[in-house]
Amino acid sequence: MRSEARGRLVVVSALGVVEILAWGSSFYLPAVLAGPIAADTGWSLTWVVGGLSIGLLVAAFASPRVGLAIHRHGGRPVLALAALLLAAGHVVLGLAPSLPAFLAGWLLLGLGMGCGLYDPAFATLGRLYGAEARPAIATLTLWGGFASTVCWPLSAFLVEQVGWRSACFAYAGLHVLVTLPLVLGLIPRAPSVEIAGGEAHHADGTLTLRERRAFLLMAGVLVLGGTVMTLVSVHLIALLQARGVALAAAVSYGALIGPAQVGARVVEMANKGRHHPLWTLTAAMALVALGLAILAAGVPAVGLALVLYGAGNGIYSIARGTVPLALFGPERYPVLVGRLARPGLAAQAVAPSLGALALTYGGADAAYGLLVALALANLGLACALWGTRQDGAGGTGAVG
C-alpha cells in the first residue's frame with residue numbers, strides 16, 4: 001500500500017508541475033505579456049488579449065475529442081501532445097511578424113490548452129485510478145493553484161531580461177525539456193479499457209434520461225462558474241476602484257484570492273473524501289455567492305468578501321473534477337469530462353467581453369448585479385444536482 005501511495009504521489013506531483021506550466025504559459029500569459037507585446041509591436045491591446053479568447057474557443061471545440069482519446073488511449077499520449085502543441089504555439093508567438101501570425105500561434109496554444117489543462121489531467125487520473133481518483137484530483141488542484149504564483153514572476157523576469165519574444169521561446173523550451181519528459185517518464189500508460197456486457201452500451205458516454213439531466217445541470221454549473229471566475233479575474237480591479245478603493249489597495253485585496261483558494265483546498269483534502277463531492281460543490285457555490293453579494297452591497301468588508309470568494313473558487317476547482325466522477329462513475333468519466341469542458345471553456349472565452357459590456361453600458365452596479373445573479377443561479381443548479389445523486393453511477397456515496 002505504501003508503494004502504491006508513493007507511486008500515486010509521484011504521478012500527481014509530475015502532473016502538478018505539468019499543470020503549473022500549462023496554465024502559466026497559456027491562460028495566465030497575457031496578464032504579463034500583453035502590455036509589452038502591444039507596446040513593442042503597435043498591435044491593438046484588445047486583439048493581443050483576444051488571443052486568449054481565441055485559444056479558449058479552440059480548446060472548447062477540441063475538448064470532446066480529447067476526452068474520447070483519453071478514454072481510449074489514456075492521458076499519457078494526449079498530455080505529451082499538449083506539451084508539443086504548447087511549445088509550437090510559443091515558437092509561433094515568438095516569431096510572429098504580424099498580428100494574424102500571432103493569433104495563429106494562439107490557435108496552436110488553444111489546442112494545447114484543450115489537451116493539457118485541468119479537464120484532460122482529471123480525465124487522466126480517472127483513467128488511471130478509477131473510482132479512487134478523488135484524492136489525486138484534489139491534490140492536483142493544490143499544485144495548479146500555484147500557476148500564477150510561479151509563472152507571473154517568471155514571465156515578468158523573462159520580459160525584463162530578454163524581451164517578450166524570447167520569453168515565449170523560453171516557455172517553448174520548458175515544455176520540451178520539462179513538461180514532455182515528465183509526462184513520458186512519470187505518467188504511466190493507462191490500463192486497457194475492459195467493458196462488461198451490461199455496461200458496453202454506456203462506455204462511449206451514452207446517458208439515461210436521468211443522467212442527461214445531471215449532465216445538463218453540471219454543464220450549466222461549469223458555464224456559470226467559468227463566466228463568474230473569468231469576469232472576476234479580468235475586471236476585479238476596475239470593480240473595486242468603482243467602489244472607491246485605491247489602485248494599490250485593490251491590488252492588495254485581489255492578492256487575497258490566491259491564498260484563500262489554496263487554504264480551502266487544503267481543508268477539503270484534509271477531510272479525505274468523507275463527504276459526497278456534491279457537498280463540496282454546494283459549499284463552493286454558496287461561498288462564491290456570499291462573497292460577491294458582500295462586494296455588491298458595498299459593505300466595508302472587501303477583504304472578507306474576497307477571502308470567501310477565493311475559498312469557494314478554490315474548492316470549486318476540486319468539485320468540477322470529482323462531481324462527474326461520483327455521478328457517472330469512472331468508466332465514462334474521460335468522455336464526459338471532455339464533453340463537459342466545452343461549454344465551460346466557451347463561457348470563459350466570451351466572459352471578458354460580457355463584463356466589458358456590463359461596465360460600459362450599466363456601470364459597476366450592473367456588473368456587480370450580473371455577478372451576483374450568476375452566482376445565485378449557480379448555487380441553484382448545484383442544489384438541483386442533489387436530485388440526481390441516486391440516479392448517477394457511483395452517486396450513492398463519496399468517491400475515494
Side-chain angles (χ1 to χ4, degrees), residues 19-63 66 81-120 147-148 151-152 154-156 158-159 162-176 179 226-227 229-238 341-357:
E19 289 304 294
I20 286 174
L21 291 176
W23 280 94
S25 66
S26 60
F27 189 86
Y28 292 114
L29 189 72
V32 178
L33 263 64
I37 291 172
D40 178 57
T41 61
W43 301 335
S44 165
L45 181 62
T46 300
W47 275 108
V48 172
V49 175
L52 175 59
S53 293
I54 292 173
L56 287 169
L57 288 174
V58 171
F61 177 80
S63 288
V66 170
L81 177 61
L84 295 175
L85 287 168
L86 289 169
H90 279 289
V91 170
V92 173
L93 292 188
L95 294 174
S98 63
L99 181 60
F102 177 83
L103 297 178
W106 274 103
L107 296 177
L108 288 171
L109 287 178
L111 289 173
M113 293 163 72
C115 293
L117 294 185
Y118 268 152
D119 297 297
S148 59
C151 290
W152 277 346
L154 176 60
S155 296
L158 290 171
V159 169
V162 297
W164 71 269
R165 293 184 185 273
S166 294
C168 291
F169 296 146
Y171 276 121
L174 286 172
H175 283 297
V176 171
T179 301
T227 302
M229 179 195 73
T230 308
L231 283 172
V232 172
S233 297
V234 173
H235 298 294
L236 177 63
I237 302 301
R342 173 178 282 182
L345 289 168
Q348 290 180 57
V350 302
S353 298
L354 179 63
L357 286 172

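In this chain, residues are counted from 1 in sequence order.
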Could you walk me through whether F102 and L95 pass side-chain contact (heavy atoms from CB on, under 4.5 Å), step by step? CA-CA 8 Å; F102 177 83; L95 294 174; over 6 Å; no
Decide side-chain contact (heavy atoms from CB on, under 4.5 Å) for R165 and L33; before the verdict, give the C-alpha distance in whole Å, the side-chain angles of both, and the deciding distance to 0.1 Å. CA-CA 9 Å; R165 293 184 185 273; L33 263 64; over 6 Å; no
Walk me through it: do H175 and L84 pass the test side-chain contact (heavy atoms from CB on, under 4.5 Å)? CA-CA 7 Å; H175 283 297; L84 295 175; over 6 Å; no
Where do L57 and L345 land on the side-chain contact (heavy atoms from CB on, under 4.5 Å) test, with the steps shown first? CA-CA 7 Å; L57 288 174; L345 289 168; over 6 Å; no
Would you give me the side-chain donor-acceptor pairs under 3.5 Å for residues 111-120, sequence neighbours excluded?
residue	atom	partner	partner atom	Å
Y118	OH	T141	O	3.4
D119	OD1	R320	NH2	3.1
D119	OD2	R320	NH2	2.8

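Rounded to the nearest 0.5 angstrom, C168 SG and L29 CG are separated by 6.0 Å. A distance of 11.5 Å separates CG in L174 from CG in L86, rounded to the nearest 0.5 Å. Distance CG/L103 to OG/S53: 11.0 Å, rounded to 0.5 Å. Taking CG of L354 as the reference point, atom CG of L231 lies at 5.5 Å (rounded to 0.5 Å).
Scanning all heavy atoms of the two residues, the minimum distance from G110 to V58 falls at C-CG1, 3.8 Å. Between A172 and V91 the shortest heavy-atom distance is CB-CG2, 3.8 Å. Here the closest non-hydrogen pair linking A167 and L158 is CB-CB, 3.7 Å. Smallest separation of non-hydrogen atoms from S63 and A59: OG-O, 2.7 Å. Nearest approach of L45 to A34, heavy atoms of both residues: CD1-O, 3.7 Å.
In this structure, W106 and P30 have side chains that are in contact, with non-hydrogen atoms separated by less than 4.5 Å. Side-chain contact between C151 and I20 is present, with heavy atoms from C-beta onward closer than 4.5 Å. Taking 4.5 Å as the limit, some side-chain heavy atom of V92 sits within range of a side-chain heavy atom of L108. A 4.5 Å side-chain heavy-atom check between T227 and Q348 finds every atom pair outside the cut-off. Using a 4.5 Å cut-off on side-chain heavy atoms (C-beta onward), L107 and I54 make contact. When side chains are defined from C-beta on, F169 does not count as touching H90, because their heavy atoms never get closer than 4.5 Å.
In the displayed structure, W43 atom CH2 is contacted under 6.0 Å by more than 12 heavy atoms of other residues, nucleotides or ligands.
For L357, the side-chain contact (heavy atoms from CB on, under 4.5 Å) test picks out Y361, with sequence neighbours left out.
When only modelled atom types and interatomic distance are considered, Y171 and S155 share a side-chain donor-acceptor pair under 3.5 Å.
The aromatic rings of Y28 and W23 sit tilted, their planes meeting at an angle between 30° and 60°.
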